[in-house]
Amino acid sequence: MSKSDKPAMPRPLSEDLAHYTKAFKYIASVGDYFEVAQKWTEETFYGHVVEKLVANLGDGTDGKLLRVLGIGSGSGELELGFLNKLLTKFPKIQNCVVEPSESLLKKYEANIKPEHETGITFDWQNRTFDEFLENQPENSQKVHFISACNFLYYVKDLNEALQTLYDMLAPGGILLAIITADYTGYGKLWRTFPSLGCETAPQDGSQDNASPSHRIDAGYVRDALRQLQIPYHEDGFAGNYKITECFSDEESEEGNLALDFLTHTIRFRDAPSDLFQQVLACIKESCVQRGDERYFQSKNVCFLITKPTESATQ
């Protein structure tokens with residue numbers, strides 16, 4: 001086989017929004033991410049976010065409108081949980097939802113319950129964050145809470161994105177960013193193979209000269225916040241995903257979708273053979289076996305960033 005006949009590196013998953021959405025929905029269906037995230041919301045969100053917002057802003061009993069921004073909101077499973085907690089102290093909420101996937105945005109709308117419609121005004125933005133920013137007036141109102149739960153993986157300049165989000169906060173406002181940990185699961189895989197899913201990935205599958213793109217993890221966020229001198233608090237939770245089909249000798253749509261999302265590529269099974277086997281071995285190292293099933297384990301870090309109130313800066 002000539003060099004030109006060798007399998008090319010699969011394209012980044014971010015290049016095909018429809019396939020990304022399909023792979024995301026599949027991996028979510030075989031994992032407990034939303035379940036454990038909702039448990040974190042029930043047990044931790046109120047103290048870390050709602051109580052601090054009340055302390056910084058006062059509650060909404062005087063009719064105060066709480067302005068909320070969700071970025072990369074997906075189908076809203078997490079954000080609606082956050083909103084339920086916020087409604088207990090802020091009965092009037094204006095919620096702007098930024099999500100590029102039309103199908104996920106429609107699912108978000110379908111998940112809204114009557115209590116949300118009573119207290120929350122929704123502004124649906126079916127666009128990327130960059131497109132959203134381009135359409136914002138210069139003197140846009142600052143927001144009190146920003147949810148960025150699956151967003152930072154895809155930014156081209158992490159420092160700029162974090163600074164932009166921080167600047168959008170009103171004094172006393174809080175940014176919540178959730179991203180995979182750097183030492184386990186996704187983070188371990190992406191740090192071992194940093195070209196996976198990157199737009200500049202070498203076509204021979206080598207791991208040199210790749211842009212950060214999707215493989216941003218909590219370690220990079222931590223470093224960026226320190227460089228920007230933005231104080232933060234960390235919390236987190238773990239998740240498990242049943243990916244037994246990835247290791248089957250027989251190709252299946254389920255196994256392919258799982259592999260595509262884990263590696264953030266399209267048709268990863270078509271990757272160069274050596275790279276495919278190395279990546280599969282790395283994924284296997286992050287799995288636990290329960291009976292005949294293999295579960296991929298990954299931890300998530302919750303970054304909580306509070307913008308000082310004006311009195312605190314004086």
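Computed from a predicted model, the values in this text were never measured in an experiment. Counting from 1, the numbers follow the sequence of the chain as shown.
- Taking hydrophobic clusters as Ile, Leu, Val, Met, Phe, Trp and Tyr residues chained together by side-chain heavy-atom distances below 4.5 Å, F132 shares a cluster with V155.
- In this structure, L257 and K22 have side chains that are in contact, with non-hydrogen atoms separated by less than 4.5 Å.
- For the atom pair CG (N150) and CG (L78), the distance works out to 7.0 Å, reported to the nearest 0.5 Å.
- Ring centroids of H19 and F24 are separated by 6.0 Å or more, keeping the two rings apart.
- At distances below 3.5 Å, at least one donor-acceptor pair connects side-chain atoms of H144 with backbone N or O atoms of R67.
- Under a 3.5 Å cut-off, the side chain of E131 and the backbone N or O of T128 do form a donor-acceptor pair.
- A distance-only check finds a donor-acceptor pair linking the side chain of N111 to the backbone of S75 [under 3.5 Å].
- Checked against the 6.0 Å centroid criterion, the rings of Y153 and W190 qualify as a close aromatic pair.
- Around atom NZ of K92, no more than 12 heavy atoms belonging to other residues, nucleotides or ligands sit under 6.0 Å away.
- By the 4.0 Å N-to-carboxylate-O rule, E102 lies close enough to K106 to be salt-bridged with it.
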Just do the side-chain contact (heavy atoms from CB on, under 4.5 Å) check on F129 and E134 with the steps written out, would you? CA-CA 9 Å; F129 184 58; E134 289 172 2; over 6 Å; no
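- Tracing side-chain contacts under 4.5 Å through hydrophobic residues (I, L, V, M, F, W, Y), one never reaches Y295 starting from I243; they form parts of separate clusters.
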Please walk me through it: do Q289 and R294 pass side chain to side chain donor-acceptor pair (under 3.5 Å)? CA-CA 5 Å; Q289 187 144 358; R294 290 188 185 276; 3.2 Å; yes
Please report the C-alpha distance between E285 and K188 in whole Å, then the side-chain angles of each, then the deciding distance to 0.1 Å, and finally whether the salt bridge (charged side-chain N to carboxylate O under 4.0 Å, His left out) criterion is met. CA-CA 10 Å; E285 288 176 3; K188 179 182 177 181; 3.3 Å; yes
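- Of the possible donor and acceptor atoms, one in the side chain of T263 sits under 3.5 Å from a partner among the backbone N and O of L259.
- Between K85 and E42 there is a salt bridge, with a side-chain nitrogen of the basic residue lying less than 4.0 Å from a carboxylate oxygen of the acidic one.
- Between the side chains of D274 and Q278, no donor N or O sits under 3.5 Å from an acceptor N or O.
- For Y33 and Y241, the distance between ring centers is not under 6.0 angstrom.
- Checking side-chain atoms of E293 against main-chain N and O of T244 turns up no donor-acceptor pair under 3.5 Å.
- A 4.5 Å side-chain heavy-atom check between I216 and I179 finds at least one atom pair inside the cut-off.
- For K52 against G47, the heavy-atom pair with the smallest separation is CG-O, 4.0 Å.
- Residues L65 and V49 are members of separate hydrophobic clusters, defined by side-chain heavy-atom contacts under 4.5 angstrom among Ile, Leu, Val, Met, Phe, Trp and Tyr.
- Of the charged side-chain nitrogens involved, none lies within less than 4.0 Å of a carboxylate oxygen, so that D260 and R267 do not count as a salt-bridged pair.
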Derivation and outcome, side chain to side chain donor-acceptor pair (under 3.5 Å), residues Q227 and N159: CA-CA 8 Å; Q227 291 169 15; N159 285 43; 2.9 Å; yes
Report the C-alpha separation of H116 and N84 in whole Å, then their side-chain angles, then the decisive distance to 0.1 Å, and conclude whether the side chain to side chain donor-acceptor pair (under 3.5 Å) test is met. CA-CA 8 Å; H116 301 135; N84 286 338; 2.7 Å; yes
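- Between F145 and F45, the ring centre distance stays below 6.0 Å.
- Within the 6.0 Å centre-distance limit, the rings of Y186 and F296 are counted as a close aromatic pair.
- Of the possible donor and acceptor atoms, one in the side chain of D32 sits under 3.5 Å from a partner among the backbone N and O of N240.
- Here the side chains of I305 and I174 are not in contact, with every heavy-atom distance at 4.5 Å or above.
- Using modelled atom types, one side-chain atom of N56 and one backbone atom of G172 make a donor-acceptor pair closer than 3.5 Å.
- Between the D217 side chain and the T180 main chain, no donor and acceptor come within less than 3.5 Å of each other.
- No single ILVMFWY cluster, assembled from side-chain heavy atoms under 4.5 Å apart, contains both L189 and Y183.
- The shortest distance between side-chain heavy atoms of K242 and E254 does not fall below 4.5 Å.
- Here the two rings, on F261 and Y26, have centers that are 6.0 Å apart or farther.
- Looking at I146 and L176, their side chains never come closer than 4.5 Å, going by heavy atoms from C-beta outward.
- Here R222 pairs with E234 in a salt bridge; the nearest charged N to carboxylate O distance falls below 4.0 Å.
- A side-chain donor-acceptor contact under 3.5 Å links S140 to the backbone of P137.
- Side-chain contact between L53 and L86: present, with at least one pair of heavy atoms (C-beta onward) separated by less than 4.5 Å.
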T21 vs S101, side chain to side chain donor-acceptor pair (under 3.5 Å): CA-CA, chis, key distance, verdict: CA-CA 7 Å; T21 302; S101 170; 3.2 Å; yes
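- Minimum heavy-atom separation, G74 to Y108: O-CD1, 3.7 Å.
- Put simply, the residue from V98, I71, L69, V97 that forms a side-chain contact (heavy atoms from CB on, under 4.5 Å) with Q125 is V98.
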